[in-house]
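Read the structure below first, then the notes.
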Amino acid sequence: QVQLVESGGGLVQPGGSLRLSCAASGFASDYYAIGWFRQAPGQEREGVSCISSRDDTADYADSVKGRFSISRDIAKNTVYLQMYSLEPEDTAVYYCAADLAIAMRRLCVLDPGEYDYWGQGTQVTVSI
């Protein structure tokens, strides 16, 4: 059974850091693209970052470039999102998702519609 479980969210002050984890089970996550998305109240879900299944090529939303970093631990079947210099605008529920439609994609995309399986989300709040 495919399952994605996010963890690592919490309350942090502006300028602080958090590392989110996405633990995958039921499939080998390194064969598929994994994405991180976020959704703030009253807003649509948006792509934050993704990592491909081949050479770990990554992509980032413009709003997080230079501040967020995505990585993968194959042994733990886990994908991480390291977030630095957090801003109040980063406050949202963060979700990870897997694109299991095609294995070994060369590139990943930040379109939520391309992802088949989703975790339950973890809340990130950036506030004084």
Side-chain angles (χ1 to χ4, degrees):
Q1 181 180 0
V2 173
Q3 192 173 17
L4 298 166
V5 179
E6 303 96 334
S7 61
L11 173 64
V12 63
Q13 293 185 350
S17 302
L18 280 175
R19 188 178 77 160
L20 305 183
S21 299
C22 173
S25 60
F27 71 104
S29 63
D30 54 314
Y31 278 70
Y32 301 93
I34 303 294
W36 281 99
F37 301 83
R38 66 187 181 187
Q39 188 166 20
Q43 297 187 20
E44 293 186 355
R45 190 168 298 187
E46 64 171 345
V48 175
S49 181
C50 63
I51 187 167
S52 71
S53 56
R54 297 190 66 172
D55 55 3
D56 284 351
T57 300
D59 196 12
Y60 299 90
D62 288 344
S63 59
V64 306
K65 282 181 180 177
R67 300 189 298 121
F68 290 11
S69 177
I70 192 170
S71 61
R72 188 198 302 273
D73 186 328
I74 296 174
K76 294 183 178 179
N77 209 21
T78 298
V79 174
Y80 302 99
L81 184 68
Q82 178 69 56
M83 306 186 294
Y84 298 103
S85 302
L86 283 161
E87 305 167 351
E89 293 74 21
D90 296 316
T91 296
V93 178
Y94 282 70
Y95 300 89
C96 68
D99 174 7
L100 300 188
I102 300 177
M104 304 304 286
R105 281 187 188 270
R106 182 177 296 278
L107 298 174
C108 62
V109 295
L110 293 176
D111 179 0
E114 293 294 317
Y115 291 79
D116 314 290
Y117 293 87
W118 292 80
Q120 82 290 349
T122 185
Q123 176 70 47
V124 172
T125 302
V126 184
S127 179
I128 297 174

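All figures in this text were calculated on a predicted structure; none of them were measured in a lab. Position 1 is the first residue of the sequence, and the numbers go up from there.
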Quiz item: Judged by modelled atom types alone, do Ser85 and Glu87 share a side-chain donor-acceptor pair under 3.5 Å?
Solution: no
Quiz item: Between atom CD1 of Ile70 and atom CG of Asp59, what is the distance when rounded to the nearest 0.5 Å?
Solution: 9.5 Å
Practice problem: Give a yes or no on whether a salt bridge exists between Asp30 and Arg72, defined as a side-chain N under 4.0 angstrom from a carboxylate O. | Solution: no
Quiz item: Which atom names give the shortest non-hydrogen contact between Glu6 and Gly121, and what distance separates them?
Solution: OE1-N, 2.9 Å
Self-check item: ring-ring contact (aromatic ring centres under 6.0 Å, His included) assessment of Phe27 paired with Tyr117
Solution: CA-CA 11 Å; Phe27 71 104; Tyr117 293 87; 7.4 Å; no
Exercise. Before giving the answer on side-chain contact (heavy atoms from CB on, under 4.5 Å), spell out for Phe68 and Ser49 the whole-Å C-alpha distance, their side-chain angles and the decisive distance to 0.1 Å.
Key: CA-CA 8 Å; Phe68 290 11; Ser49 181; 5.7 Å; no
Quiz item: If you measure from CG on Asp56 to SG on Cys108, what distance do you get to the nearest 0.5 Å?
Solution: 9.5 Å
Practice problem: Answer yes or no: is there a donor N or O on one side and an acceptor on the other, between the side chain of Ser17 and the main chain of Tyr84, under 3.5 Å? | Solution: no
Quiz item: Taking the side chain from Asp116 and the backbone from Ala101, do they hold a donor-acceptor pair closer than 3.5 Å?
Solution: yes
Quiz item: Do any N or O atoms from the side chain of Thr78 and from the backbone of Lys76 form a donor-acceptor pair under 3.5 angstrom?
Solution: yes
Practice problem: For the pair Tyr60 (side chain) and Arg67 (backbone), establish whether a donor and an acceptor sit closer than 3.5 Å, ignoring hydrogens and angles. | Solution: no
Self-check item: Shared hydrophobic cluster, Leu100 / Ile51 (ILVMFWY, side-chain heavy atoms < 4.5 Å)
Solution: yes
Quiz item: Mind checking whether Leu86 and Tyr95 sit in one hydrophobic cluster, side chains of I, L, V, M, F, W, Y counted as touching below 4.5 Å?
Solution: no
Quiz item: Any side-chain heavy atom of Pro88 sitting closer than 4.5 Å to one from Ser127?
Solution: no
Quiz item: Do the side chains of Leu81 and Val64 join up, straight or via other hydrophobic residues, at under 4.5 Å, putting them in one cluster?
Solution: yes
Quiz prompt | Tyr115 versus Gly35, closest heavy-atom pair with distance | solution = CE2-N, 3.5 Å
Practice problem: Report whether Tyr80 and Tyr32 are members of the same hydrophobic cluster (ILVMFWY, side-chain heavy atoms less than 4.5 Å apart, transitive linking). | Solution: no
Would you be so kind as to tabulate the donor-acceptor pairs closer than 3.5 Å made by side chains of residues 41-48, with sequence neighbours excluded?
| unit_1 | atom_1 | unit_2 | atom_2 | d |
| --- | --- | --- | --- | --- |
| Arg45 | NE | Gln39 | OE1 | 3.3 |
| Arg45 | NH2 | Gln39 | OE1 | 3.3 |
| Glu46 | OE2 | Arg38 | NE | 2.6 |
| Glu46 | OE2 | Arg38 | NH2 | 3.3 |

Quiz item: With the 4.5 Å side-chain cut-off for hydrophobic clustering, are Ile102 and Met104 part of the same group?
Solution: no
Quiz item: Can you name the closest pair of heavy atoms from Leu20 and Met83 and give their distance?
Solution: CG-CE, 3.7 Å
Exercise. Apply side-chain contact (heavy atoms from CB on, under 4.5 Å) to the pair Val109 and Leu107, showing each step before the final yes or no.
Key: CA-CA 7 Å; Val109 295; Leu107 298 174; 5.9 Å; no
Quiz item: Between Ser52 and Thr57, is there a donor-acceptor pair closer than 3.5 Å when you use the side chain of the first and the backbone of the second?
Solution: yes
Exercise. Take the angle between the ring planes of Phe37 and Trp118 and call it parallel below 30°, perpendicular above 60°, tilted in between.
Key: tilted
Quiz item: When rounded to the nearest 0.5 angstrom, what is the spacing between CD1 in Ile34 and SG in Cys50?
Solution: 10.0 Å
Exercise. Measure across Asp73 and Ala75 and return the closest heavy-atom pair with its distance rounded to 0.1 Å.
Key: OD1-N, 3.1 Å
Exercise. Work out which heavy atom in Gly8 is nearest to a heavy atom in Leu18; give both atom names and the distance.
Key: O-CD2, 3.7 Å
Practice problem: Calculate, to the nearest 0.5 Å, the distance between atoms SG and CH2 belonging to Cys22 and Trp36 respectively. | Solution: 5.0 Å
Quiz item: Counting N and O atoms only, with roles assigned by atom type, does the side chain of Asp99 sit under 3.5 Å from a partner on the main chain of Ala33, one being a donor and the other an acceptor?
Solution: no
Quiz item: Can you name the nearest heavy-atom pair linking Thr91 to Ala40, along with the distance?
Solution: O-CB, 3.7 Å
